[in-house]
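Heads up: the structure comes next, in structure tokens.
These figures come from a predicted structure and were not determined experimentally.
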Amino acid sequence: MLSRGKKRIAFGVWFLALFVFFNLSLVNLVAADPIVGDWNYTTSNHWAKGPVPAGKPSKGLLVITQSGDQFKMEFKSGMVFRPPELKYFAGKKKGKDYIFSNSAKVDNEGGIAKNTCNLKKISNNHFEGKSFSEYSQGGITFSWGFDIELKK
């Protein structure tokens, strides 16, 4: 009878160890991508084509989240977006690059703003990239952009 109890304990310990190992493996499989998290960003090298201001260097906080293979980026502070929904970007990872974009109607004349932000990993705590924006309405098009750096 004592032997049967020891076998049950041994089986219980084995089962518990297997359960722990499986859960640790699962955590590694669903671990967030390095780009996910809160980032301090800075912008530099602003430029513009057309009668729009080039913008000034800025800094602030942005947050990147992940759901499956989809990413979302939200500028929490620093830059001002008009309309406000342009502070939200949808993104995908393509190879080593992360490509975020958005677009919105921005005026009552049918003008559309399109924004893209391409980021490359320098390290798990450092990303760099370029942002490009375009406004178009009818046959009129203006564009502007800047370099962006993310650090934790």
Residues in side chain to side chain donor-acceptor pair (under 3.5 Å) contact with Lys76, at least two apart in sequence or another chain: Glu74

Could you give the side-chain donor-acceptor pairs of residues 136-143 under 3.5 Å, partners two or more places apart or in another chain?
from	atom 1	to	atom 2	distance (Å)
Gln137	NE2	Glu109	O	3.1

Could you state the interatomic distance from CD1 (Ile122) to NZ (Lys151), rounded to the nearest 0.5 Å? 10.0 Å

Determine whether Ser133 and Lys114 make a side-chain contact, defined as any pair of heavy atoms from C-beta on separated by less than 4.5 Å. no

Residues which pass ring pair (Phe, Tyr, Trp, His ring centres under 6.0 Å) with Phe89, listed by chain and number, not counting sequence neighbours: Phe75

Might you point out which heavy atoms bring Ser58 and Met79 nearest each other, and give the distance in Å? OG-CG, 3.3 Å

Scanning both residues in full, the closest heavy-atom pair of Val52 with Ala48 reads O-CB, 3.5 Å

Partners of Lys49 by side chain to side chain donor-acceptor pair (under 3.5 Å), sequence neighbours excluded? none

Not counting sequence neighbours, which residues clear side chain to side chain donor-acceptor pair (under 3.5 Å) with Glu128? List them please. His126

Residue set satisfying side chain to side chain contact (heavy atoms under 4.5 Å, CB included) with Lys72, at least two apart, ordered chain then number -> Thr65

Cluster question for you: counting only ILVMFWY and a side-chain heavy-atom cut-off of under 4.5 Å, with indirect links fine, are Phe100 and Phe132 together? no

Polar contact flag, side-chain donor to acceptor under 3.5 angstrom, Asn102-Asn115: yes

Under the side chain to side chain contact (heavy atoms under 4.5 Å, CB included) test, which residues partner Asn40, sequence neighbours left out? Leu61

Do Phe81 and Leu150 belong together in a cluster built from hydrophobic side chains that touch within less than 4.5 Å? yes

Tell me the closest heavy-atom pair linking Gly37 and Lys152, and the distance in Å. CA-NZ, 4.2 Å

Can you list the residues that meet the side chain to side chain contact (heavy atoms under 4.5 Å, CB included) rule with Thr42, with sequence neighbours excluded? Lys59, Glu149

Could you list the residues that satisfy ring pair (Phe, Tyr, Trp, His ring centres under 6.0 Å) with Phe127, not counting sequence neighbours? Trp39, Tyr98

Would you kindly confirm whether Trp47 and Tyr135 end up in one hydrophobic cluster when ILVMFWY residues are joined by side chain heavy atoms under 4.5 Å apart? no

Could you walk me through whether Val106 and Leu86 pass side-chain contact (heavy atoms from CB on, under 4.5 Å), step by step? CA-CA 9 Å; Val106 294; Leu86 287 175; 3.9 Å; yes

If you take all heavy atoms of Thr43 and Lys56, which pair is closest and at what distance? OG1-O, 4.0 Å

Which ILVMFWY residues are connected to Ile99, directly or by a chain of links, through side-chain heavy atoms under 4.5 Å apart? none

With Lys105 via side chain to side chain contact (heavy atoms under 4.5 Å, CB included) - residues at least two apart: Ile112

Is Glu134 reaching over with its side chain to a backbone N or O of Trp144, donor-acceptor style, under 3.5 angstrom? no

Considering non-hydrogen atoms only, spot the tightest contact between Met73 and Cys117 and give its length. CE-CB, 4.0 Å

Can you name the residues that form a side chain to side chain donor-acceptor pair (under 3.5 Å) with Ser131, not counting sequence neighbours? none

Are the charged groups of Lys93 and Asp69 less than 4.0 angstrom apart, N to O? no

Can you tell me how far the CD atom of Gln70 sits from the NZ atom of Lys92, to the nearest 0.5 Å? 4.0 Å

Grab the two heavy atoms, one from Lys130 and one from Ile148, that are nearest each other, plus how far apart they are. N-CG2, 4.2 Å

Are Asp38 and Val63 close enough that some pair of their side-chain heavy atoms sits under 4.5 Å apart? yes

